[in-house]
Amino acid sequence: MTEFERRVTRAIRSIQPGGVATYGEIAEEAGFPGAGRAVGNVLSGSDGLPWWRVVTSTGRLVPGHEAEQARLLTKEGVRVVAGRVR
DNA sequence: TATCTGACGATAG
DNA sequence: CCTATCGCCAGAT
């Protein structure tokens with residue numbers, strides 16, 4: 001477990017149900033501004049984290065997981081329209 | 001030390 | 001709105 005992973009994990013766990021955060025925001029909260037891409041790498045290989053609460057900077061859902069993510073977010077009260085969060 | 005990878009981000013067309 | 005590009009970052013090889 002690297003320092004980066006620990007901090008990113010913490011930031012993601014801090015997202016409240018019914019809310020979402022962008023990769024960039026997570027990277028910032030973790031103390032690694034600009035490392036949004038690396039954040040995605042961590043999420044792809046980790047488990048047990050609320051990955052569905054993370055979206056892209058434009059509000060788009062995670063590429064390749066739209067259906068599942070939309071289902072989970074909607075269940076938490078997040079409005080998802082046309083593969084986008086609102 | 002050099003490369004490659006990918007659940008990113010901003011921008012141009 | 002969509003795709004193509006390019007720049008960036010931490011990790012893995």
Side-chain angles (χ1 to χ4, degrees):
Chain A
M1 190 54 128
T2 66
E3 184 63 16
F4 180 68
E5 291 173 299
R6 272 194 297 278
R7 300 174 104 177
V8 167
T9 293
R10 201 164 54 242
I12 293 177
R13 276 184 313 203
S14 75
I15 307 174
Q16 307 310 110
V20 298
T22 70
Y23 289 89
E25 292 172 338
I26 295 300
E28 249 182 67
E29 279 183 53
F32 290 73
R37 195 165 192 176
V39 169
N41 294 341
V42 173
L43 238 54
S44 67
S46 65
D47 55 317
L49 290 176
W51 61 268
W52 61 91
R53 309 217 262 240
V54 182
V55 300
T56 69
S57 65
T58 58
R60 285 232 79 99
L61 300 187
V62 178
H65 297 253
E66 289 86 0
E68 179 68 346
Q69 183 167 25
R71 185 177 69 70
L72 293 165
L73 285 177
T74 299
K75 186 164 56 177
E76 296 188 339
V78 177
R79 253 77 65 70
V80 180
V81 182
R84 285 270 189 103
V85 298
R86 293 251 250 182

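The basis for the numbers below is simple: all heavy atoms, side chains too, and nothing from hydrogens, waters or symmetry mates. Chain A is the first sequence line, chain B the second, and so forth, proteins listed ahead of strands; every chain is numbered from 1.
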>> Could you tell me how far apart A/Phe32 (CZ) and C/dC8 (P) are, to the nearest whole angstrom?
In response: 18 Å
> When only distance counts, do a donor and an acceptor, one from the side chain of A/Arg37 and one from the base of C/dG11, lie under 3.5 Å apart?
Replying inline: no
> To the nearest angstrom, how far is A/Phe4 atom CZ from B/dT5 atom P?
Replying inline: 19 Å
> A/Ser44 near the nucleic acid: base, sugar-phosphate alone, or nothing, with a heavy-atom cut-off under 4.0 Å?
Replying inline: base
> Thinking salt bridges, do A/Arg60 and A/Glu66 make one under a 4.0 Å N-O criterion?
Replying inline: no
> Does A/Trp51 have its ring centroid less than 6.0 Å away from the ring centroid of A/His65?
Replying inline: yes
> Taking atom P of C/dA10 as reference, at what distance in whole Å does atom OH of A/Tyr23 sit?
Replying inline: 17 Å
> Which is it for A/Leu43 and A/Tyr23 under the side-chain contact (heavy atoms from CB on, under 4.5 Å) test, yes or no, and what are the steps along the way?
Replying inline: CA-CA 10 Å; A/Leu43 238 54; A/Tyr23 289 89; 4.3 Å; yes
>> Which nucleotide wins on minimum distance to the side chain of A/Arg60, given the candidates C/dA10, B/dA7, C/dC2?
In response: C/dC2
>> Looking at A/Thr2, I'd like to know whether one of its side-chain N or O atoms comes within less than 4.0 Å of OP1 or OP2 on C/dG11.
In response: yes
>> Within the structure provided, determine whether A/Ile15 and A/Ile26 are in side-chain contact (heavy-atom separation under 4.5 Å).
In response: yes
> Starting at CZ of A/Arg7 and ending at P of C/dC9, how long is that distance when rounded to a whole Å?
Replying inline: 16 Å
> Can you tell me how far C1' of B/dA7 sits from CG of A/Leu73, to the nearest Å?
Replying inline: 14 Å
>> Output the rounded distance in Å from CD (A/Glu29) to P (C/dC9).
In response: 19 Å
>> Suppose we call a contact any N or O donor and acceptor under 3.5 Å apart; does that hold for the side chain of A/Asn41 and the base of B/dG6?
In response: yes
> Can you check the A/Ile26 CD1 to B/dG9 C1' distance for me, whole Å?
Replying inline: 15 Å
>> Main chain of A/Met1, side chain of A/Arg6: is a donor-acceptor contact present, judged purely on distance under 3.5 Å?
In response: yes
>> Just to be sure I understand the rule, does A/Gly24 reach a base, reach only the sugar-phosphate, or reach nothing, if contact means heavy atoms closer than 4.0 Å?
In response: sugar-phosphate
> Within this structure, what is the CD-to-P distance between A/Glu3 and C/dG11, rounded to whole angstrom?
Replying inline: 9 Å
> Out of curiosity, A/Glu29 CD to A/Arg7 CZ, how far, rounded to the nearest 0.5 Å?
Replying inline: 12.0 Å
>> Could you spell out the base pairing of DNA chain B as a dot-bracket line? Use Watson-Crick and G-U wobble contacts where both distances are under 3.5 Å, [ ] for crossing pairs, | for partners on a different strand.
In response: .|||||.||||||
> Where the side chain of A/Gln69 meets the backbone of A/Val62, is there a donor-acceptor pair that is under 3.5 Å apart?
Replying inline: yes
>> Any side-chain N or O of A/Thr58 below 4.0 angstrom from OP1/OP2 of B/dG9?
In response: no
